[in-house]
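Please read the structure below before turning to the comments.
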Amino acid sequence: MEYKNPLGVDIDLETGVIPGAKKLVRRLSDLKGYFADEKAYEELLKENPVVYEVYAVEQEEKDGDLNFATTVLYPGKVGREFFFTKGHYHSKADRAEIYYGIKGKGGMLLQTPEGRAEWIEMGPGTVVYVPPYWAHRTVNTGDEPFIFLAVYPADAGHDYGSIAEKGFSKLVVEEGGEVKLVDNPRWKE
Ligand SMILES: O=C(CO)[C@@H](O)[C@H](O)[C@H](O)COP(=O)(O)O
Ligand SMILES: [Fe+2]
C-alpha cells in the first residue's frame with residue numbers, strides 16, 4: 001500500500017491565500033453572458049476588474065479523496081446585481097460540499113435542476129451544507145472581500161454548462177440599500 005502524506009496548511013485569514021495552492025483568477029471578461037444588465041456589463045468591462053480568485057489544493061479525481069479551496073470574492077455590482085461566482089452543478093451531480101465563511105459578508109444561492117432556489121446568508125463562521133444535486137453560487141453583498149473555504153469530493157468536478165446558459169432562477173440585487181432576490185427573466189427550465 002502506498003500512503004499519501006497528510007498535509008497541514010495555514011490559511012491567511014485576512015487575504016484568504018493558501019500557501020502552495022494553485023491560484024485561479026476570474027475577471028469580469030470571464031463572466032460574459034452571466035449578468036442580467038448587459039449595458040452595465042459592457043461599461044464595467046472597460047476596467048475588467050477581478051471578480052474572484054480561487055486558491056485550490058486538489059487531488060487526483062478519485063472516489064473517497066477530498067479537495068479544498070478558498071475563494072476571495074470581491075465587492076462590486078453589475079447594474080443592480082452583486083458580484084458572484086459562476087456557479088455550477090458538480091459533474092458527478094450527487095457529490096455534496098461544505099462551505100465555511102471566513103471574512104466579509106455574502107451568501108449562497110442554491111438551486112435544484114428544476115429551478116427551486118434557496119438563499120443562505122453567510123458571514124465569518126457560517127457553515128453551509130450543499131446537498132447532492134444542488135447548483136451553488138456565492139454572492140458578495142458587502143463592501144469588502146467575501147472569503148470562504150470549500151471542501152468537496154476530489155471526483156466531484158464542475159459542470160458549468162447549464163448555469164452559463166440560463167443562469168439561476170433568481171437574481172441577487174440591491175434595492176433601496178437592501179439585498180433582494182428577484183426573478184431572473186431569462187430563466188427557463
Ligand atoms: O464549489 C466549489 C468547488 O466545488 C468552489 O471551490 C468554487 O469552485 C469556487 O468558489 C469558484 O466558483 P465557480 O467559478 O467554480 O462556480
Ligand atoms: Fe462546488
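In this text, all values refer to a predicted model and were calculated from it rather than measured experimentally. First listed ligand is number 1; within each ligand, the first listed atom is number 1.
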Could you tell me which atoms of ligand 1, counted from 1 in the order shown, lie closer than 4.0 angstrom to a heavy atom of [X]?
X	result
H158	3 (C), 4 (O), 8 (O), 15 (O)
H90	4 (O)
Y160	13 (P), 14 (O), 15 (O), 16 (O)
T71	9 (C), 10 (O)
G87	16 (O)
A150	6 (O)
E97	1 (O), 2 (C), 3 (C), 4 (O), 5 (C)
H136	1 (O)

| request: Quick one: look at Y89 and ligand 1, take heavy-atom pairs under 4.0 Å, and tell me if it's side chain, backbone, both or neither. | output: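 It is neither; nothing of Y89 touches ligand 1.
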
Does any N or O in the side chain of [X] come within less than 3.5 Å of the main-chain N or O of [Y], such that one atom is a donor and the other an acceptor?
X	Y	value
Y52	K86	yes
E81	A36	yes
N48	S29	yes
N140	L73	yes
Q111	S169	yes
T15	V17	yes
D63	D65	no
R137	T85	yes
N67	Y152	no

For [atom], closest protein heavy-atom neighbour:
atom	value
atom 7 (C) of ligand 1	H88 CE1, 3.7 Å
atom 12 (O) of ligand 1	T85 CB, 3.5 Å
atom 14 (O) of ligand 1	Y52 OH, 2.5 Å
atom 5 (C) of ligand 1	Y99 OH, 3.4 Å

| task | Return the orientation label for the H88 and H158 ring planes: parallel under 30°, perpendicular over 60°, tilted otherwise. | result |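 Answer is perpendicular, since the angle exceeds 60°.
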
| field | Any N/O pair Y152/ligand 1 closer than 3.5 Å | value |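 No, no N or O pair falls under 3.5 Å.
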
| field | Rounded distance (nearest 0.5 Å) linking atom CG of D30 with atom CG of L28 | value |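 Between atom CG of D30 and atom CG of L28 there are 8.5 Å.
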
| Count, waters excluded, of protein N, O or S atoms under 2.8 Å from the Fe ion (ligand 2) |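 That number is 4, waters not included.
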
| request: Enumerate the residue pairs fulfilling salt bridge (Lys or Arg N to Asp or Glu O under 4.0 Å) with a member in residues 9-18, sequence neighbours excluded, ordered by first and then second residue. | output: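 Passing the test, one end in residues 9-18: E14-K103.
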
| request: Would you sort out whether Y133 and D94 count as a side-chain contact (heavy atoms from CB on, under 4.5 Å), showing the intermediate values? | output: CA-CA 5 Å; Y133 303 107; D94 66 350; 3.4 Å; yes

